[in-house]
Protein chains: 2
Amino acid sequence: MKFGFFDDNNKEYVITTPQTPWPWINYLGNEDFFSLISNTAGGYSFYKDAKFRRLTRYRYNNVPMDSGGRYFYIKDGESIWSPGWKPVKAELDYYECRHGLSYSKITGEKEGLRAEVLFFVPLNAWCEVQKMTLTNNTSEVKKIKLFSFLEWCLWNAEDDQNNLQRNLNTGEVEVADSTLFHKTEYRERRNHYAFYHVNVPIQGFDTDRESFIGLYNDFSNPMAVLEGKPRNSYAHGWSPIASHYLEIELKPGEKKDLVFVLGYVENSEEEKWEKKNVINKKPAIALINRFNSVEKVNRAFDELKNYWTGLLDSFVLKSEDEKLDRMVNIWNQYQCMITFNLSRSASYFEVGIGRGMGFRDSNQDLIGFVHQIPERARERILDLASTQFPDGGAYHQYQPLTKKGNNAIGGDFNDDPLWLILSTSEYIKETGDFSILEENVPFDSNPALAKPHFEHLKASFYHVVNNLGPHGLPLIGRADWNDCLNLNCFSNDPNESFQTTGNKKDGKAESLMIAGLFVVYGREFVALCRKIGKNQEADEAQKHVDKMVEAVKRYGWDGEWFLRAYDYYGNKVGSKENEEGQIFIESQGWCGMALIGHEEGMVEKALDSVKERLDCQYGLVLNNPAFTKYKIEYGEISTYPPGYKENAGIFCHNNPWIMIAETLIGRGERAWEYYAKICPAYLEDISDLHRTEPYVYAQMIAGKDAYKPGEAKNSWLTGTAAWNYYAVTRYILGIRPEYDGLRIDPCIPPSWKGFQVKRKLRGTTFLITVENPNSVSKGIKRIELDGNKLDENIVDSFDGGLHEVLVVMG
Amino acid sequence: MKFGFFDDNNKEYVITTPQTPWPWINYLGNEDFFSLISNTAGGYSFYKDAKFRRLTRYRYNNVPMDSGGRYFYIKDGESIWSPGWKPVKAELDYYECRHGLSYSKITGEKEGLRAEVLFFVPLNAWCEVQKMTLTNNTSEVKKIKLFSFLEWCLWNAEDDQNNLQRNLNTGEVEVADSTLFHKTEYRERRNHYAFYHVNVPIQGFDTDRESFIGLYNDFSNPMAVLEGKPRNSYAHGWSPIASHYLEIELKPGEKKDLVFVLGYVENSEEEKWEKKNVINKKPAIALINRFNSVEKVNRAFDELKNYWTGLLDSFVLKSEDEKLDRMVNIWNQYQCMITFNLSRSASYFEVGIGRGMGFRDSNQDLIGFVHQIPERARERILDLASTQFPDGGAYHQYQPLTKKGNNAIGGDFNDDPLWLILSTSEYIKETGDFSILEENVPFDSNPALAKPHFEHLKASFYHVVNNLGPHGLPLIGRADWNDCLNLNCFSNDPNESFQTTGNKKDGKAESLMIAGLFVVYGREFVALCRKIGKNQEADEAQKHVDKMVEAVKRYGWDGEWFLRAYDYYGNKVGSKENEEGQIFIESQGWCGMALIGHEEGMVEKALDSVKERLDCQYGLVLNNPAFTKYKIEYGEISTYPPGYKENAGIFCHNNPWIMIAETLIGRGERAWEYYAKICPAYLEDISDLHRTEPYVYAQMIAGKDAYKPGEAKNSWLTGTAAWNYYAVTRYILGIRPEYDGLRIDPCIPPSWKGFQVKRKLRGTTFLITVENPNSVSKGIKRIELDGNKLDENIVDSFDGGLHEVLVVMG
């Protein structure tokens, strides 16, 4: 069942009913100011950091669900309604929500009055603009009352929900003309305030929640709206809000535009005050003036659209499959940008207060984004590297506001360091910019410990080499990529977090996943060394890689697939000898991508085992059989009910590893099958089961052992976005930047006739046509650059011009 | 304006409208299992620890306010309503909520059907019993549908609200007959589950929130109720709930009783399972069987009432003022028991996840409670002492579940240690049990460091002596009793907590409040030493006390009042030299109670300054003038808007210190005036302004500088309860246990003719009649014990019998 449709021309998903199976959201903002907005205008805004600078209040897991947002109430005679249906939930004659790239447009119509609201965060502006267009489609004059509404968060989202004994006393506001200012704690340590403005004179306002809503009413029926009368209230403590009141007359057929601006301002210590206890409003006014007319707003909106057109122009696919095209050209790239910006901090499943930027997460997210704005990728890599420890280890997370490592989350996730090699090498392949390796980068945020970035990669590589276990395989530490496989934790206290509680110090558990990862990115490190002439370094590193390959073959092979790990006691994890959890996906993915034992048939066998054991209608589950009992020596993985999350859920992040491995051994049909199974555009028709948005990936889909297989959770902020984009563009479509140029090496279903790709790389545009006349999966028979035949399937004419590439498979 | 009335006979407050100015709540439970319940049945339950064992889910600061609780839905034909008005909010023909001692009874009636629900936690039982009595007051047969409802919390209340990416996957339930079990995480590290039972067969149920409520509905209109049809749903992840469905027929005039039980169970590791994945229900069934009939429930309820009658029987006042009697005899004692049990953890202002048991808080709470169950007071003292550091310092808080000090909250509040002397001495005075001093008690929860409890008191005393500043006054450390006076903190980062962030290490700020406190409890320590024959110890300690008195007189007197402190730079705090915050209440209270400089007129002058500067219509404010600017060298105190909280709010906790000091210098009229100003029963008529419950104290009432003076916040969990009870019983009424006996030394308004008190002490009952024929405030002309004249106003005949004491003032 569908709840809308893709409008590819406008790059929008159009939702046609407010009652989606779960709130379907979008993100506004690209750099500093961000908003989450659902299809009923729920959500919230924050500046840079969803924990420390939450601007508006939102309540997660609430009843009613998704309550709280930027709301409008229209009182048209006796009718009261909201353009986004919520919160009033009066039946609308027309409803539509268009989620576009960094904007959403929500339209409601009732009794001949249409209200269309365009929400977006302009480029280079710390504000959310809301352009409302009211149209009187009747032949009568309409006199309506309009109330805007949002509720302020007292900045620190965690404190806001818990420290009530303080917070109910601190709220402060100012009102000046049509602007409602939120200035709680500005008197003291804060140098920032927020405001909500509308570009016409108002006939009233409210800034105190209880005055507006009433003590016993709710968002659906505020007293002020019911009575059609604002209270002109000033909040003193309790809960500050911002609500404008407007009386509007519309002639038959008349259209009126209003511009609301939700803004954030910082003042320097010297310029905080206009006079005692009156905030300096100049920067707010300056910001407002940038968007105080429809023309200015339209111009800003055009700029935003052009910005996105530019971003998406680096990779444009034209295939026979419109679903594939819309994912590759629009939605998957868009989601990659969102994950790059937000990491795992704030979504409708991540509350924005627990997690900052993940070291592992952000390095991986980068591979889905690096082609869009390589300069930001470069900055991110250096930010990440500067939180690394001198021994190569890493804080697992850092706070975006401070860019400092987050001690509370801990470290010792032994896969972490290697992802820095991934991100750096992908950055260089995209840009050819080897200078990043010479950049001086602190360790542990300490400038005194700074070294060239190359030394960070080396530290990453040797962090594995220096932490090997009894079988010569990498020690897993607290956990590897699978946060929930906690082999040294042994927790029996339910109040402990598996991710942060003390581990056994002498833990000798080893990870085959890290082993494979090390071989893949160890080789990458070797290649990089050679590129910059460090051949001795390369030779030395290669030895360690070779040893790891041998160790995996010797100790990591279970007969039909790769083991997952050795546990604390040296027992096999992910072996047919086990009762549950006999096979895990991660080690098949990474040892497969590393082609370890390929000659001996190991990779093919392992991938066939994946097909046999882990595949189901909705994707590849993480492990099989699912755990039905708690295994203290495995940790959190066995705490989930079977079929969910890391316990045999379809953890979509790892599915593309298998896809890539399949392409490496030439099985395009199977890679494609796995791709389409979890790709959201292909799931649109089962949205009622899938529940989350059909335009973005979810972290997890319930697996075959679950109560409800196919039900997805945790959409948007997941490494799934980057890895699927990477798998489909680099390995299935096979358009793959390398140090020396752009390799073209598709691995597709034999039935495909071909496809075209526009790829911009290092300032040069390649128009690539792939033909598949012989219905093969892989292999290039002929390749031509501007009509000239090439010897190898790699193009390297980075002259800033436009080149046509013809590729004939066969 | 009133919203109910006191029913003193039943020891109840009767609320006659659901629409109180704020939710008016009550507490159920006395030892392990606790519930909060509002007058509309909102609230939640927990086992021992409101953070780690939250049983049902509650959302603070929600819209609509106070949503979530134990709810009943009655569908009577087309009418749908709830006995407590909420959540349906259908208009009722009759509504009443009776908050009694550890129980609440809520009655609603509509269209001739009456539903009365009695809520209580039986003694020695880990459950909340809900007895519902349905009465058909019409002449027709009624066929109704009844739905119960509660929502489970996934145990850890903090994690429950934040860790959604995990929690939405983990929910698990079982259903067996009429019992709905919540067993999330029981498969793994938990050994506990919860259940919700009703004592009759059910016709259906729901355990999945979305199935019951629907995705777009809310507590007021669940889909299942609207349609009159349960879904018989099983929760798998998402949000587990418990809802019974019952079809009930009532003949004209017929009455039916139902018993619902919300229970909590722990199983040993060996007895967790009945069979694989099926929980061992035996202990749940045993618990249910204790309350599976109306007779059993009534018996348990009688036991609870008797328990409370016994508790309150140690001190019974009969005065000319019924408001005073009801506070002293019922509500103030009741609140003291609640603060003893809950410390500051869970109220409608404290969310139950941030704060455990406070060292300072709990030691003080004890003085309001020690006469009720001295054995529990003894246990609490030893629990507190065992978290103390060997140097006498203390963790500021400990977790009730583990009884371990809470590192996250920190220490170095330099008043903390002294409160241990208060609690211990009050315990001994109450019981005569000096053996507590010999009890071996760990330091820092480490049995290897255990020493006799006396050594803890000594460590407390010398912690002050060993931490003196440049004027010989006590260093304040992180803060003293006033958490918000942070003289060594210098925080300019709004993300820092003033209570936990790093302080300047060389901080030399000194506290006059601690100085006064030290003199009071230093003398107490000296007296204790002498009592147990440690005269040399006493002499030594006395010297330190004398030196402190001199230091205060020399450096702590500002001319008309006592200074509050010296700041980090050695500047005066709370001096007429200051621009704002010229006078503070705490040092007047403690130096006054210590009678420092009384001979020189300092105390009288200081208290007169309090009257002049700090008094207002609603009580004594904390400081004056209020701070209007942030003073970084003062910290949090200057962050609050003027008139609120520590910035010139009426912080009720400290008002009784002034009352006591006033009685010490014989000014009963003024002490009484201060008492009545903040005493809730005297504020019942202005409930619309006061907002919080008229039967319990609030932590704070907005002061004269506030936007809305007289508006209270943070009711229930405040040291105010204990200190006011202490002030009124020990110092105004003057019935004061001492080591050697019961001293009787009233200090009352001269207009009082007298009063009678029954006081049980050390197993002996004293019936005390105080007469005031000459209209004095203080002074005893004659005292008789059983008709025999005594030389001194102290009785010490602890023979377990009954004695009459006649006291004639004059």
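In the text below, chain A, chain B and the rest are named by the order of the sequence lines, each starting its count at 1.
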Q: Establish, for the pair R54(B) and Y47(B), whether the NZ or CZ atom is under 6.0 angstrom from the six-membered ring centre and no further than 45 degrees off its axis.
A: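 Relative to the ring axis of Y47(B), which defines the angle, R54(B) lies outside at least one limit.
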
Q: Students often mix this up, so state it plainly: with edges at 30° and 60°, are the rings of W273(B) and Y186(B) parallel, tilted or perpendicular?
A: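 Perpendicular, since the angle between the ring planes exceeds 60°.
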
Q: Examine whether an atom of E172(B) lies under 4.5 Å from a heavy atom of chain A, and if so say whether it belongs to the side chain, the backbone or both; otherwise answer neither.
A: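 Side chain only.
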
Q: What part of W155(B) lies closer than 4.5 angstrom to a heavy atom of chain A: side chain, backbone, both or neither?
A: neither

Q: What part of E711(A) lies closer than 4.5 angstrom to a heavy atom of chain B: side chain, backbone, both or neither?
A: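 Just its side chain gets close to chain B.
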
Q: Between F212(B) and F149(B), how do the two ring planes meet: parallel, tilted or perpendicular, split at 30° and 60°?
A: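 Ring orientation of F212(B) relative to F149(B): parallel.
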
Q: Picking from N156(B), L215(B), N217(B), which has the most non-hydrogen pairs under 4.5 angstrom with chain A?
A: L215(B)

Q: Under 4.5 Å from any heavy atom of chain B, what part of R59(A) do you find: side chain, backbone, both or neither?
A: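 Contact with chain B involves the side chain of R59(A) alone.
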
Q: So what's closer than 4.5 Å to chain A heavy atoms on K708(B): side chain, backbone, both or neither?
A: neither

Q: Where the side chain of W24(B) meets the backbone of R691(B), is there a donor-acceptor pair that is under 3.5 Å apart?
A: yes

Q: Tell me, side chain or backbone of E496(A) under 4.5 Å from chain B's heavy atoms, or both, or neither?
A: both

Q: Any side-chain donor-acceptor pair under 3.5 Å between R187(A) and S638(B)?
A: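 There is no such pair between these side chains.
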
Q: Classify the ring geometry between Y707(A) and H236(B) as parallel (under 30°), tilted (30 to 60°) or perpendicular (over 60°).
A: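 Taking H236(B) first and then Y707(A), their aromatic rings lie parallel (interplane angle under 30°).
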
Q: Using non-hydrogen atoms and a 4.5 Å limit, figure out which bit of Q161(B) sits close to chain A: side chain, backbone, both or neither.
A: both

Q: Using distance alone, with no hydrogens and no angle criterion, decide if N714(B) and Y348(B) have a side-chain donor and acceptor under 3.5 Å apart.
A: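 Per modelled atom types, N714(B) and Y348(B) side chains form no pair under 3.5 Å.
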
Q: In terms of heavy-atom pairs under 4.5 Å with chain B, which of R166(A), E185(A), K276(A), R190(A) leads?
A: R166(A)

Q: Using a 4.5 angstrom heavy-atom cutoff, name the option from K51(B), E636(B), E151(B) with the most pairs to chain A.
A: E636(B)

Q: Below 4.5 Å from any heavy atom of chain A, which atoms of N169(B) appear? Answer side chain, backbone, both or neither.
A: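 Both backbone and side chain.
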
Q: Counting only non-hydrogen atoms closer than 4.5 Å, does N191(B) touch chain A with its backbone (N, CA, C, O), its side chain (CB onward), both, or neither?
A: neither

Q: Pick one of side chain, backbone, both or neither for K631(B), based on which atoms fall under 4.5 Å of a heavy atom in chain A.
A: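 Contact with chain A involves no heavy atom of K631(B) at all.
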
Q: Decide whether a cation-pi geometry holds between K183(A) and W152(A); the criteria are a distance under 6.0 Å from NZ or CZ to the six-membered ring centre and an angle within 45° of the ring axis.
A: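 No; the conditions do not both hold, so K183(A) does not lie above the ring face of W152(A).
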
Q: What part of S491(B) gets closer than 4.5 Å to chain A, counting heavy atoms only: side chain, backbone, both or neither?
A: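 Both the backbone and the side chain of S491(B) come within 4.5 Å of chain A.
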
Q: Would you indicate whether the side-chain heavy atoms of E210(A) and M65(B) approach each other to under 4.5 Å?
A: no

Q: Measure S347(B) against the heavy atoms of chain A and call it side chain, backbone, both or neither at under 4.5 Å.
A: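 Neither the backbone nor the side chain of S347(B) comes within 4.5 Å of chain A.
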
Q: Tell me, for T718(B) versus chain A, whether the close heavy atoms (under 4.5 Å) come from the side chain, the backbone, both or neither.
A: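 Answer is neither: T718(B) stays 4.5 Å or more from chain A.
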
